[in-house]
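Written below as structure tokens is the structure these notes are about.
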Amino acid sequence: MLTLSWNPPEFGVERGVDALNRSYGGGWSPATFRWYLGRRFAGRSPDVGVLFRDRTPVAGSGINYRQLRCPDGGVVDVGIATAAWTVPEERGRGHFTRLMSDSAARAGEVGCGAFLAFVTADNPSRKGLARCGAQMIPSAYLLSTPAVPEASPLRVSTEPDGAAALAVGAHDGAEGTDATIFHYRDPDDWSAQILERAHPVEVLRVGADALAVVERTVDTDRLQWWTPGSEAPPEVIAGLAARAAEEERKFFAFGTGAWTRPSARAARLELRDGSIACIATSDPAPPFGDRWQVHSGDRM
């Protein structure tokens, strides 16, 4: 018999890490579990749903609660699917679709206007989200390839003392956009999400005035937030990818918008199409529009 339980007390950090590592083939630790599935944001704690077969956990997913700002300036509470998992022997039985449907319902019950999930276009999970009625917002994933990026004409340097000023500038600079973006109440909330991550973070200057926040995981430089300033976006991405390659590290970026394809070409990165799956959980649906501006670090 299958039952879904929210925040079951018997499913703590140890069992959660074990389930995620069985499902993903490794990479999870108590520290990363707590950051992604146990961290409060803007006063709200995530929910963790676990699907049990009898008393054995077979699948699960977290919901982190965040806010989006619409083009008209309105702010909408949303839930975000985080670290959905299914143990190998239970795959192909519809657990993911059930989890997403029940997660969207829970998000609506606690006052969210939408429920989001981030997937690549070739991920089978995308079909499950479509079955739940999701609107698909185009996105892109940029990943290292064996091809080594050419040396960039832009100098990349660290800005070790610029984190606080960057948080204020990034928060204030988001006010004028007409796209749907993630909303942060103040610079401290932005810092908690973008700068205070599970792995060490560097603030980098690229060229004259481009700024980037890179999270250094075990073997990959993950671009979590950036602004090109007066520099051409493809050159900024190429500079960051070349820096990672020089240190024999991989590079990863995510985003929405026209910069992704030319940047992938310039940096010799693989581009994988993706979607932000958006399920409306209020009536009427929030007025998000078609243009979204999302950084990798916004996602979780």
Full working for salt bridge (charged side-chain N to carboxylate O under 4.0 Å, His left out) between D221 and R216: CA-CA 5 Å; D221 284 2; R216 291 174 65 88; 3.4 Å; yes
Chi angles and distances behind the side-chain hydrogen bond (donor to acceptor under 3.5 Å, both in side chains) call for T97, R131: CA-CA 8 Å; T97 301; R131 285 193 290 270; 3.3 Å; yes
Trace of the side-chain hydrogen bond (donor to acceptor under 3.5 Å, both in side chains) decision for R222 with S296: CA-CA 8 Å; R222 299 179 67 89; S296 180; 4.8 Å; no
Derivation and outcome, side chain to side chain contact (heavy atoms under 4.5 Å, CB included), residues T217 and F252: CA-CA 11 Å; T217 66; F252 170 87; over 6 Å; no
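Checked by atom type and distance alone, the side chain of S144 pairs as donor or acceptor with a backbone atom of F251 at under 3.5 Å. Looking only at distances, no side-chain donor or acceptor of Q224 sits under 3.5 Å from a matching main-chain atom of L195. A donor-acceptor contact shorter than 3.5 Å is absent between the side chain of D77 and the backbone of Q67. In this structure a side-chain-to-backbone donor-acceptor pair under 3.5 Å is present from R91 to S23. Looking at W28, its side chain never comes within 3.5 Å of a backbone N or O of G25 through a donor-acceptor pair. E215 contributes a side-chain N or O that, together with a main-chain N or O of H199, makes up a donor-acceptor pair within less than 3.5 Å.
No chain of hydrophobic side-chain contacts below 4.5 Å, direct or via other Ile, Leu, Val, Met, Phe, Trp or Tyr residues, connects V75 to W292.
With values rounded to the nearest 0.5 angstrom, S125 atom OG is found 11.0 Å from K127 atom NZ. Distance check: R15 CZ to E10 CD gives 6.5 Å after rounding to the nearest 0.5 Å. Rounding to the nearest 0.5 Å gives a distance of 8.5 Å between CH2 of W85 and CZ of R22. A distance of 10.0 Å separates CZ of R66 from CG of L116, quoted to the nearest 0.5 Å. Rounded to the nearest 0.5 angstrom, E270 CD and L142 CG are separated by 9.0 Å. With rounding to the nearest 0.5 angstrom, the OG1 atom of T82 is 10.5 Å from the CZ atom of R299.
Annotation: side chain of T227 is not in contact with side chain of H295 (no heavy-atom distance under 4.5 Å). Between F52 and P8 there is a side-chain heavy-atom pair separated by less than 4.5 Å. Put simply, the side chain of L4 reaches to within 4.5 Å of the side chain of L99, judged on heavy atoms.
Around atom CZ of R155, no more than 12 heavy atoms belonging to other residues, nucleotides or ligands sit under 6.0 Å away. Annotation for E14: atom CD does not count as buried by contact number, only 12 or fewer foreign heavy atoms lying within 6.0 Å. Heavy atoms of other residues, nucleotides or ligands lying less than 6.0 angstrom from CD of E248 number 12 at most. The number of heavy atoms from other shown groups lying within 6.0 Å of CG (D122) is above 12.
Ring planes of Y141 and F254: perpendicular class, angle over 60° (limits at 30 and 60°).
Between the side chains of R69 and Y184, no donor-acceptor pair of N or O atoms lies under 3.5 Å. With 3.5 Å as the limit, one finds no donor-acceptor pair spanning the side chains of T56 and D54. For the residue pair D47 and Y65, a side-chain donor N or O sits within less than 3.5 Å of a side-chain acceptor on the partner.
A salt bridge between E202 and R243 is present, with a side-chain N of the basic residue lying under 4.0 Å from a carboxylate O of the acidic one.
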